Amino acid sequence: MGTLRQWCRPWVVAALSGLVAVGVVEGVAGSGPGGFGWGVLGALAGVVALPMITQLGLLTGAAVFGLRIRHVVIGSLRGIATWRVGRTTITLRALPLELASEIGPWRSPVILRCWLAGVTSAVAGIGAVLACWLLAEGSFGRGLLIAVTPLMLHKLWPRRAPLATSTGWLLFGLPRMEEPQRTEFLASPLAARAHEALQDGDVARAQVVVNRLAALHPGLDTTINCQITMHEARGEYAEAVLKLVGHIAAADLPPRELSYVLAGLAGLGCCAAESGQLPADEVLPIARKAMEDAISLGYPAYRLNGTKGLLALLEGDADEAARLAASGADHATSPLSKADDFATLARAHMARRDNAAARTALAAAERLAAWWPRVRDVRDRLHVA
C-alpha cells in the first residue's frame, strides 16, 4: 500500500490541477464537453510523458558520459519481471506509466559527468516542451501544454530528497556544492567499486577498496558507511551498530543523509537482535525509533518493508513478517538487500511451519547472494529443521 500511495499522490495532484486548468482554458476557448475531455486526456498524457522523457534523457547522459546505471524500473506497483543487462538490473512493474532509475558516479571527473547527464535530461525535457508549444493543436494540445510546462519548471527547481534528485539540482546545485559534501561526492566512485565487489561476493576485494578509501579519506561519512557495510557483510552486526551509533552522535548530518543512516541503523539493529549479538529488549526499541525517524525525514516507508518484516518476525508476528518481507523483496533495488529480504521471508515461513515455502524463498535468496551471512544462517537453520 505504501507504494500505491506514493505513486497516486503526485498523480492525483497533477491530474486534479490539470482538470481545473483545462476547464478554465477550455471555458475561455469556448469548447464544448468533447473539447474538455480531450483537454483532460492531453493533460494526463503530459503528466505521464514528460517525467519519462527527462528520465530517458538522464539515462542517455549517464550512458554517454560514463556514469554507473545500477537499476532501471519501468512502471509502478507489483513487480512482474527482473533481468540483468551487463551490470544493470531492469525491473518491469504492473503499471508501466513511469520510469525510474538509480544512477551513480563511477569514475572521475565525478561532478562534470553528473552535471553533463543533468544537462542531457534538461535538454530532453525542454525539447519536448518546445515541441508541444510548436506542434500541439486543439483541446488535446492545450491540455498537453498545461501539463508539461509547469512540470518541466518543477523539475528544473533544485531539490534533493531521500532517493530523489531533481534535474535542477544536477544543473544548479551540484556545481555549487560545498564541503564536506563535495568531497563525499568525489569519494563516491571508490565507494561504488566496493559496493560492486560485494555484489559479486568478493568480500576480500571490497575490503581492499574500503581500506584505500579509508587511507585517502579517513573520517568521511562515505568511508564510515563503507566500513559499516563491511561489518554487515561479515555478519558483525554488533560492531556495525555501535560504529553507526557513534557516527550519528559525532557527525552533523543533513536530513537527507541522516534518513539513510537511520534506515541502516534500523536494519542492523534488527539483525543484531536476531543473531543474539545484542540484547533484543535493548536494541529493538532503538531500531524501531530509527525507522520512524527515517520515515519522518522523508525516507520512503515502503522501502523499509524488509526491515519492518524482520522486526515483526522478532516480535512474533510471522504472518505480518512474511507479507512485509515479500513486499520488501519485490521493491528492493540492490541484489544484496533483496537477498536479505528473501532470507527474512524464509525465516517467516519457517516460523509458520511451512518449510516448503521457506526453501523456495531461500532458493531465491541464494540465486542472488548465497554467501550473504543471513542467507547462510537461514540455510543452516533450514537444513537442521
Side-chain angles (χ1 to χ4, degrees), residues 2-15 18 41-106 113-132 143-144 147-171 300 302-303 327 330-335 337-338:
T3 306
L4 181 60
R5 284 195 297 270
Q6 187 200 40
W7 183 82
C8 282
R9 193 176 296 116
W11 176 272
V12 170
V13 170
L41 287 176
L44 292 176
V47 168
V48 173
L50 186 76
M52 284 191 172
I53 291 169
T54 55
Q55 191 64 224
L56 282 171
L58 184 63
L59 286 168
T60 301
V64 170
F65 297 113
L67 299 180
R68 171 79 163 87
I69 303 174
R70 299 189 186 96
H71 197 189
V72 177
V73 181
I74 305 167
S76 301
L77 307 181
R78 182 178 58 84
I80 295 176
T82 299
W83 64 95
R84 287 181 70 83
V85 177
R87 291 190 172 274
T88 301
T89 301
I90 299 176
T91 299
L92 178 64
R93 298 196 173 276
L95 194 64
L97 294 180
E98 68 173 345
L99 182 66
S101 62
E102 286 187 8
I103 294 170
W106 189 241
R113 294 178 191 277
C114 292
W115 183 80
L116 289 172
V119 169
T120 309
S121 175
V123 167
I126 293 171
V129 172
L130 290 176
C132 290
L144 195 64
V148 299
T149 304
L151 266 177
M152 192 62 226
L153 293 174
H154 177 67
K155 285 189 170 294
L156 290 175
W157 187 262
R159 67 192 185 283
R160 207 178 186 205
L163 303 177
T165 299
S166 73
T167 300
W169 187 87
L170 292 173
L171 288 176
Y302 78 95
R303 293 291 291 269
S327 174
D330 183 40
H331 290 97
T333 57
S334 161
S337 59
K338 188 183 286 285

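Owing to the predicted nature of the structure, the values given are computational and were not obtained by experimental measurement.
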Participant: Counting C-beta onward and ignoring hydrogens, is there a side-chain heavy-atom pair between Q55 and S101 closer than 4.5 Å?
Facilitator: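 Yes, at least one pair of side-chain atoms sits under 4.5 Å.
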Participant: Report yes if the side chains of I126 and L156 come closer than 4.5 Å at any heavy-atom pair, otherwise no.
Facilitator: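 Heavy-atom side-chain distance check passes, below 4.5 Å.
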Participant: Where the side chain of R68 meets the backbone of G104, is there a donor-acceptor pair that is under 3.5 Å apart?
Facilitator: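 It does not hold such a pair.
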Participant: Before you tell me yes or no, could you show the steps for T54 and T167 under side-chain hydrogen bond (donor to acceptor under 3.5 Å, both in side chains), namely the whole-Å CA-CA distance, both residues' side-chain angles and the distance that decides it to 0.1 Å?
Facilitator: CA-CA 8 Å; T54 55; T167 300; 5.2 Å; no
Participant: Is there a side chain to side chain contact (heavy atoms under 4.5 Å, CB included) between L77 and R93 once you walk through the steps?
Facilitator: CA-CA 6 Å; L77 307 181; R93 298 196 173 276; 5.6 Å; no
Participant: How far apart are the closest heavy atoms of A332 and S337, and which atoms are they?
Facilitator: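 In terms of heavy atoms, the two residues are closest at CB-OG, 3.6 Å.
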Participant: Quick one: CG on L95 to CD1 on I74, what's the gap to the nearest 0.5 Å?
Facilitator: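 Nearest 0.5 Å value for the CG-CD1 distance: 13.0 Å.
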Participant: Restricting to non-hydrogen atoms, name the atom on A124 and the atom on G57 that form the minimum distance, rounded to 0.1 Å.
Facilitator: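 Where A124 meets G57 most closely, the heavy atoms are CB-CA, 4.0 Å.
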Participant: Just how far is it from atom CG of L171 to atom CH2 of W115, taken to the nearest 0.5 Å?
Facilitator: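 Spacing of CG (L171) from CH2 (W115) equals 7.0 Å.
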Participant: Is the backbone of W157 close enough, under 3.5 Å, to the side chain of R159 for a donor and an acceptor to pair up by distance?
Facilitator: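 Such a contact is found between R159 side chain and W157 backbone.
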Participant: How about V148 and I53: do any of their side-chain heavy atoms sit closer than 4.5 Å?
Facilitator: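 A side-chain contact under 4.5 Å is absent here.
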Participant: Is the shortest heavy-atom distance from the side chain of L67 to the side chain of W106 under 4.5 Å?
Facilitator: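 Of all side-chain heavy-atom pairs linking W106 with L67, none is under 4.5 Å.
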Participant: Can you tell me how far the CG atom of L58 sits from the SG atom of C114, to the nearest 0.5 Å?
Facilitator: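 The SG atom of C114 is 9.0 Å from CG of L58, to the nearest 0.5 Å.
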Participant: For the atom pair CD1 (I80) and OG1 (T91), what is the distance rounded to the nearest 0.5 Å?
Facilitator: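 I80 atom CD1 to T91 atom OG1 measures 11.0 Å (nearest 0.5 Å).
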Participant: Rounded to the nearest 0.5 Å, how far apart are CG of D330 and OG1 of T82?
Facilitator: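 That separation rounds to 8.0 Å.
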Participant: Testing the basics here: between A117 and A62, what is the closest heavy-atom pair and its distance to 0.1 Å?
Facilitator: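 Looks like CB-N, 3.9 Å.
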Participant: Roughly how far, to the nearest 0.5 Å, is CG of L50 from NE2 of H154?
Facilitator: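 Answer rounded to 0.5 Å: 11.0 Å.
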Participant: Taking side chain as C-beta onward, heavy atoms only, is P51 less than 4.5 Å from K155?
Facilitator: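 Yes. Closest side-chain heavy atoms under 4.5 Å.
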Participant: By the definition side chain to side chain contact (heavy atoms under 4.5 Å, CB included), identify the one residue from I103, T88, L92 that meets it with V72.
Facilitator: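 Result for side chain to side chain contact (heavy atoms under 4.5 Å, CB included) with V72: T88.
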Participant: Using the side chain to side chain donor-acceptor pair (under 3.5 Å) rule, pick out the option among H71, R84, K338 that qualifies with T89.
Facilitator: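 With T89 as partner, H71, R84, K338 yield a single side chain to side chain donor-acceptor pair (under 3.5 Å), made by R84.
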Participant: I'd like to check L170 versus S121 (side-chain heavy atoms, cut-off strictly below 4.5 Å). Are they in contact?
Facilitator: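 Side-chain contact under 4.5 Å: no.
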